[in-house]
Amino acid sequence: MRIFHTVSGLREVLKACRLKGLRIGFVPTMGNLHEGHLALVEQARSSCDIVVCSIFVNALQFGLNEDWDKYPRTYQVDCDKLRDSGCDYLFHPEDTEMYPNGLDTQSRVICPSMTDVLCGASRPGHFEGVTTVVTKLFNIVQPDEAIFGIKDYQQLAVIRRMVEDLCMPMQITAAPIHREADGLAMSSRNTYITADERPNVVVLKESLEWIAEQIKTGARNFTELETMAIQRIADAGFKTDYITVSNSKTLDPAAEDDLEITILGAIFTRAARLIDNLSINLD
Ligand code: AMP
C-alpha cells in the first residue's frame, strides 16, 4: 500500500492508472477503522482494479461544540488494517492540504434536499461540510466507483442526490451495516460509550426493529410508534434525538401508503450520539 499526503502525489499515480484503463474504487473515511469500514474496502476490491481509501477528519462537517478535536485518531493501526484489506493507495492529507485557504472562505457544495431534517436538524451545516469534502475528494481521486455505508443512510441519500444533480461521472455503491455481536452498529464513536451504558445501547436497534414489526403487521399510526419507541429508549436510560418513520427515497415522514420505508434513529449516550436505521419493503 502506498501512502500519499498531497493531492499532487496521489493525482500523479492515479493518472497513470486511468491511462492504463484501470477501474478505480474509492472509500472515504475519517479513520479509526473497524470491520464496517474494511468491508467497504473489500467491496471496492471485488469490483475495481485499484482501491483508494482516504482518512481525513473533516473539520468542515463538525459543529463548534462537536467532537472534532477528540475524534479518535488511530493512524498507524488504520494503516495496518488497510494494508491487510487490500487497499492500494491511502490518501491522508493534512488540514492545510485539503483547505489551503482556510475554512471560512472555502467554496461550498450545497445540497438543499434532505439536509435539514434528521441528523441535519440537530447538526446544522453538517451535510454542507460532507458534500463539500466529498466533492473535493471525488475531484482529487476521480473514481469510477465510490462506496458508502448504509449505516449513514441520510449521508448516502444526500451524496446520491448530489452526484445525480451535479452529473458527477461515477457509480455510488451502498454497503450493508456491520454490527457488533449484540447488534450495535459499528461506529468510530462507539469508543465514547461507557461500560455501564454499553449493554443498553442496543435499545436503539431493537426499537427500530420493533417499529418495523408493528408496521409489517399493519400498524400505520407512525407518530404513535415513534412515541412508544422514544419511551422505550428513555426507559433504557437514553435521550432520543429522533426516531422517524420515513419515506426511503425522500426522507420525508412516511405516508400511510408508502411501500418503501426507512426507520431512522439517533440517541444520546453521556458522551456519544449514536445513529442507526432499518429499511423495509411492504410490496
Ligand atoms: P466514517 O469514517 O464514520 O466517516 O465512515 C466512513 C464510511 O464507512 C461511510 O461510508 C460510513 O457509512 C461507513 N461505515 C461506518 N460505519 C459502518 C458500519 N457499521 N457498517 C458499514 N459501513 C459503515
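The structure presented is a predicted model; accordingly, all values stated were derived computationally and were not measured. No hydrogens, no waters, no symmetry mates; every other heavy atom, side chains included, goes into these values. Indexing begins at 1, ligand by ligand and atom by atom, following the structure's order.
Aromatic ring centres of Y89 and F4 lie closer together than 6.0 Å.
Q154 contributes atom CD, which lies 10.5 Å from atom CZ of R123 (distance to the nearest 0.5 angstrom). Residue H34 holds its NE2 atom at 9.5 Å from NE2 of H178, rounded to the nearest 0.5 Å. The distance from the CD1 atom of I159 to the CZ atom of F127 is 8.5 Å, given to the nearest 0.5 Å.
The hydrophobic cluster around F62 extends to M30, V57, W68, Y71, Y192, counting ILVMFWY residues whose side-chain heavy atoms fall within less than 4.5 Å of a member.
Compare C53, P176, G149 by their heavy atoms: the one nearest to atom 9 (C) of ligand 1 is in G149. For the residues E180, R179, H178, M30, the heavy atom positioned nearest atom 18 (C) of ligand 1 is part of H178. Of the candidates N58, I147, D152, I275, it is D152 that places a heavy atom closest to atom 14 (N) of ligand 1. Of the options H37, H34, Q61, the smallest heavy-atom separation from atom 16 (N) of ligand 1 is shown by H34.
Considering only non-hydrogen protein atoms, atom 13 (C) of ligand 1 sits nearest to L40 CD1, 3.7 Å. At the top of the distance list for atom 23 (C) of ligand 1, counting protein heavy atoms only, stands K151 CB, 4.0 Å. With respect to atom 6 (C) of ligand 1, the closest heavy atom belonging to the protein is P28 O, 3.4 Å.
Close approach to M186 involves these atoms of ligand 1, each under 4.0 Å from a residue heavy atom: 16 (N), 17 (C), 18 (C), 19 (N). Atoms of ligand 1 lying under 4.0 Å from at least one heavy atom of F148, given by number and element, are 10 (O).
By the criterion of a heavy-atom distance under 4.0 Å, neither the backbone nor the side chain of I150 is placed next to ligand 1.
There is a side-chain donor-acceptor pair under 3.5 Å between T74 and D78.
Between D241 and R273 a salt bridge is recorded (basic side-chain N to carboxylate O distance below 4.0 Å).
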